[in-house]
Structure formats: structure tokens, C-alpha cells
Amino acid sequence: MSRLRIFDEHHPHNPLSVHNDHASIARELGKVGVRFEQWEANHPVAPGASQDEVIAAYRSDIDRLMREEGYQSVDVISLKPDHPDRAALRQKFLSEHTHSEDEVRFFVAGAGQFTLHIGEKVYDVGCEQGDLIGVPDGTRHWFDMSEAPYFVAIRLFTNKDGWVAQFTGSDIAGQFPRMEPLASLA
Ligand SMILES: CSCCC(=O)/C(O)=C/O
Ligand SMILES: [Fe+2]
Ligand code: NI
């Protein structure tokens with residue numbers, strides 16, 4: 001189940017509000033310029049599937065996004081809990097950072113947790129299969145995949161070089177809840 005928890009940036013233990021349905025998640029995120037939509041994830045791909053397999057399965061959606069919204073490159077993160085580099089991969093996204101382009105991610109399987117630091121609030125977004133999230137450029141954020149990652153996400157970039165991050169140096173990410181194991185998110 002997708003979930004949004006909104007916190008005051010100084011109070012990481014008590015959410016100000018919790019939203020469990022797609023419409024209210026989209027409404028709350030829309031108020032701060034974040035895109036949150038449900039797309040058809042109707043080509044079964046299993047976490048661990050190769051990038052080529054995932055891109056082939058979702059070719060028409062990817063082509064449409066690239067054509068209509070001007071994305072220049074695409075890649076796939078596809079991880080399952082036994083990935084040998086899971087700890088290093090998790091660490092890579094766990095600190096607060098920004099990008100100079102919108103962060104657009106389509107979850108075609110599994111789940112992951114984006115946490116967005118906007119103004120004085122923190123928006124913790126549990127994304128699952130079928131969710132498309134679009135985080136505006138310059139937004140402070142981090143991402144957790146839990147210690148047992150299980151997801152496939154298509155990433156779209158306007159930058160031909162793909163993923164480039166600027167780390168803020170803040171330790172705020174360590175104060176907020178990490179992603180719980182997938183079974184307990186449901
Ligand atoms: C769910 S895609 C992997 C995370 C990522 O690309 C990113 O920028 C996290 O902030
Ligand atoms: Fe990011
Ligand atoms: Ni306070």
C-alpha cells in the first residue's frame with residue numbers, strides 16, 4: 001500500500017498527518033509541486049530482471065514519456081534482497097541530496113521510500129508498484145530501499161549523463177524513519 005507521512009522537520013517521531021489512499025497522497029504532494037500518479041504496471045517483471053528486459057517490457061510507456069515530456073535518457077534499478085552490493089547501493093541514496101533536474105521514477109514492481117524535505121516539512125512517501133513520482137529539481141530528498149531491497153524502478157532523466165546528485169551535507173536523513181521491511185509496509 002502506498003503511504004504518505006508528513007512531519008515537521010524537527011519532529012521525526014510524530015507525523016503531522018498520514019495518508020493511505022492515492023487520491024489524498026497525490027493531493028498533498030501536489031500542493032508542494034510533487035507529481036504522484038498511478039500508471040499501469042501491467043508487464044510482469046521480477047526484481048532482479050535485467051535493465052534490457054524491463055526497458056523492453058515498458059518500451060511504449062518510456063517512449064511516450066521521452067517524446068511528450070522531453071526526457072533524454074532512461075535506466076532501471078532492479079534489486080532483490082540477495083543482491084551482493086545491496087548495502088552499498090542502499091547507502092548511495094540514504095543521505096540528503098538534490099538534483100539539477102526533476103527526479104522521475106516509475107515503480108514497476110516492489111516498493112521503495114522517498115523522503116522529501118520541502119520548506120520546514122518532511123514528506124515520507126512509500127511508493128509501490130504502479131506509482132510514478134516526479135520530484136522537482138532542487139528538492140532536498142533521500143531514498144531508502146530497506147536492508148532487503150525488492151523493487152524495479154524505471155528512472156527518466158533530462159540529463160543525458162543520467163544520475164548526478166549534489167549532497168547537502170545535512171544529517172537530517174538519519175533522524176527520520178528508515179524504510180520498514182516490505183511485509184510490514186502493507
Ligand atoms: C527509486 S530509484 C533510485 C533512487 C534514485 O535514483 C534517487 O535519486 C534517489 O534519490
Ligand atoms: Fe535522488
Ligand atoms: Ni519544534
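Please read all numbers here as calculations on a predicted model, not as lab measurements. Start at 1 and go down the list; that is how both ligands and their atoms are numbered.
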### Query
Of all the N, O or S atoms in H97, which one sits nearest to the Fe ion (ligand 2)?
NE2
Exercise answer, ligand 1 polar atom pairs (N/O) under 3.5 angstrom:
from: ligand 1; atom 1: 6 (O); to: R105; atom 2: NE; distance (Å): 3.2
from: ligand 1; atom 1: 6 (O); to: R105; atom 2: NH2; distance (Å): 3.0
from: ligand 1; atom 1: 6 (O); to: R155; atom 2: NH1; distance (Å): 2.7
from: ligand 1; atom 1: 6 (O); to: W163; atom 2: NE1; distance (Å): 3.4
from: ligand 1; atom 1: 8 (O); to: H99; atom 2: NE2; distance (Å): 3.1
from: ligand 1; atom 1: 8 (O); to: E103; atom 2: OE1; distance (Å): 3.0
from: ligand 1; atom 1: 8 (O); to: E103; atom 2: OE2; distance (Å): 2.9
from: ligand 1; atom 1: 8 (O); to: R105; atom 2: NH2; distance (Å): 3.3
from: ligand 1; atom 1: 8 (O); to: W163; atom 2: NE1; distance (Å): 2.6
from: ligand 1; atom 1: 10 (O); to: H97; atom 2: NE2; distance (Å): 2.8
from: ligand 1; atom 1: 10 (O); to: E103; atom 2: OE2; distance (Å): 3.1
from: ligand 1; atom 1: 10 (O); to: H141; atom 2: NE2; distance (Å): 3.0

### Task
With H141 as reference, evaluate E96, H99, H117 under the side-chain hydrogen bond (donor to acceptor under 3.5 Å, both in side chains) test and give the passing residue.
H99
### Summary
Across all chains, not counting sequence neighbours, the ring pair (Phe, Tyr, Trp, His ring centres under 6.0 Å) partners of F106 are W39, Y58
## Note on the structure
The single option from F176, W163, F114 that satisfies ring pair (Phe, Tyr, Trp, His ring centres under 6.0 Å) with F143 is F114
#### Entry: Check ion pair K121-D8 (N to O, under 4.0 angstrom)
no
### Query
Would you call E69 and R35 a salt bridge, using N to O less than 4.0 angstrom?
yes
### Task
Considering just N/O/S atoms, say which atom of E103 is closest to the Fe ion (ligand 2).
OE1
### Task
Would you please indicate yes or no on a ring centroid separation below 6.0 angstrom for F157 and Y71?
no
### Query
Does the pair R105/E103 count as a salt bridge with the N-to-O cut at 4.0 Å?
yes
